[in-house]
Amino acid sequence: MSDAKNELGILARRRIEAEIIKPIYQILVREIGKERAQAVIGEAIENAAIEAGKNFAAQEPNGADLQSFAALQYLWEKDDALQVKVIYQDEQHFDYDVTRCRYAEMYHQMGLGEIGHLLSCARDSQFIVGYAPEVELQRSQTIMSGAPCCDFRYAAKAQGEKK
């Protein structure tokens, strides 16, 4: 991961992905309807997010946990993609609000606002499943859905607690 800081930022990657997904989504809507098209895209993106989480976790020399996850946040913030206000952080919690989301802005500008939550927001809860299954994300609102901020609340589950 030493080269990660020099790699293409996640915002730029998401734009490239969205440019590929957009025509596929349009054809799916035509062929199977909007609801099914969104279900297909959503399932594919969520599965990819779990795998990405597992791949990131495999690169953690001391194992993946909430603290190593918090240390990775710069990747999503690269290129001024997010404006973040950390609310609380300790060994068991990582709580923050996103007050500006260029991912949401980009999807709306690309005409993909109706599936932006699938292309971006839905990844968050699934990435952590792959990365550190003992960590849980609670989020009640997103900028993508029109809220003033996204409220990310990550918590390490107590030992022995099942999801």
Side-chain angles (χ1 to χ4, degrees), residues 1 4 7-60 64 66 68-70 72-84 94-155 157 161-163:
M1 292 236 303
E7 287 182 11
L8 188 64
I10 293 175
L11 181 64
R13 286 188 217 174
R14 295 294 178 261
R15 175 176 290 284
I16 293 165
E17 292 170 1
E19 288 170 347
I20 294 166
I21 291 170
K22 184 176 183 176
I24 296 168
Y25 174 67
Q26 291 168 334
I27 291 169
L28 286 171
V29 167
R30 182 187 74 212
E31 296 295 320
I32 63 174
K34 187 180 285 191
E35 186 177 317
R36 283 292 305 134
Q38 289 185 9
V40 168
I41 296 291
E43 182 179 342
I45 297 289
E46 288 180 6
N47 289 341
I50 291 169
E51 287 306 309
K54 289 177 181 178
N55 291 336
F56 271 79
Q59 297 178 45
E60 288 295 337
L66 183 58
S68 65
F69 173 74
L72 292 174
Q73 290 307 297
Y74 74 92
L75 294 170
W76 285 270
E77 296 172 19
K78 189 174 182 174
D79 301 324
D80 197 31
L82 300 173
Q83 290 180 357
V84 174
F94 181 41
D95 300 345
Y96 61 92
D97 289 344
V98 171
T99 57
R100 181 179 181 203
C101 176
R102 289 188 54 214
Y103 297 94
E105 293 167 12
M106 175 186 70
Y107 292 127
H108 285 291
Q109 289 167 355
M110 294 178 77
L112 292 170
E114 75 181 34
I115 62 168
H117 65 288
L118 300 174
L119 300 176
S120 199
C121 307
R123 292 179 194 252
D124 301 324
S125 61
Q126 299 307 307
F127 181 90
I128 200 66
V129 166
Y131 184 81
E134 73 282 355
V135 175
E136 191 169 45
L137 168 62
Q138 294 292 321
R139 185 178 53 211
S140 66
Q141 62 184 22
T142 63
I143 292 171
M144 186 75 70
S145 64
C149 72
C150 306
D151 57 342
F152 286 80
R153 304 297 183 261
Y154 288 95
K157 293 181 248 178
E161 184 181 339
K162 300 277 184 197
K163 188 170 186 176

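It should be emphasised that the depicted structure is a prediction, and the values quoted were computed from it without experimental measurement. Throughout, residue positions are numbered sequentially from 1 according to the sequence presented.
With sequence neighbours left out, E46 forms a side chain to side chain donor-acceptor pair (under 3.5 Å) with no residue at all. Here Y96 pairs with F94, F152 under the ring-ring contact (aromatic ring centres under 6.0 Å, His included) rule; sequence neighbours left out. By the side chain to side chain donor-acceptor pair (under 3.5 Å) test, Y107 is found to be paired with no residue, residues two or more places apart in sequence or in another chain being considered. Take F127 and apply the ring-ring contact (aromatic ring centres under 6.0 Å, His included) test, not counting sequence neighbours, and it matches F56, W76, Y131. With sequence neighbours left out, the side chain to side chain donor-acceptor pair (under 3.5 Å) criterion links R15 to no other residue.
Going from atom OG of S120 over to atom CD1 of I115 covers 11.5 Å, rounded to the nearest 0.5 Å. Atom CG in L11 sits 5.0 Å away from atom CZ in R102 (nearest 0.5 Å). Taking SG of C121 as the reference point, atom CD of Q126 lies at 13.0 Å (rounded to 0.5 Å). Distance check, rounded to the nearest 0.5 Å: CG of L82 to CD1 of I143 gives 8.0 Å. Once rounded to the nearest 0.5 Å, the distance linking CG of D151 with CG of L137 reads 9.0 Å. Residue I24 holds its CD1 atom at 6.5 Å from CD1 of I41, rounded to the nearest 0.5 Å.
Contact check for Y25 versus V40: no side-chain heavy atoms found under the 4.5 Å cut-off. Annotation: side chain of V135 is not in contact with side chain of F69 (no heavy-atom distance under 4.5 Å). A 4.5 Å side-chain heavy-atom check between Q141 and C150 finds every atom pair outside the cut-off. With a 4.5 Å cut-off on side-chain heavy atoms, V84 and T99 do not count as touching.
Using a 4.0 Å cut-off between a side-chain N of Lys or Arg and a carboxylate O of Asp or Glu, D124 and R139 qualify as a salt bridge. The pair E105-R14 fails the salt-bridge criterion, with no side-chain N (NZ, NE, NH1 or NH2) lying under 4.0 Å from an Asp/Glu carboxylate O.
Atom CD of E43 has 12 or fewer neighbouring heavy atoms from other residues, nucleotides or ligands inside a 6.0 Å radius.
When all heavy atoms are compared, the tightest approach of A132 to A64 is CB-O, 4.2 Å. The minimum heavy-atom distance linking M110 with K22 is given by the pair O-NZ, 2.7 Å. Nearest heavy atom pair, residue I45 against residue L118, reads CG2-O, 3.1 Å. Residues L119 and A18 come closest through the heavy atom pair CD1-CB, 4.4 Å. Between S125 and A122, the shortest heavy-atom contact is OG-O, 3.6 Å. Summarising the geometry of I20 relative to P23, their closest heavy-atom pair is O-CD, 3.3 Å, with the distance given to 0.1 Å.
For residues 26-36, the pairs satisfying side-chain hydrogen bond (donor to acceptor under 3.5 Å, both in side chains) are K34-E114, with sequence neighbours left out.
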Q | Test side-chain contact (heavy atoms from CB on, under 4.5 Å) applied to L8 and I16, step by step | A | CA-CA 11 Å; L8 188 64; I16 293 165; 3.8 Å; yes
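No side-chain donor-acceptor contact under 3.5 Å links D95 to the backbone of R153.
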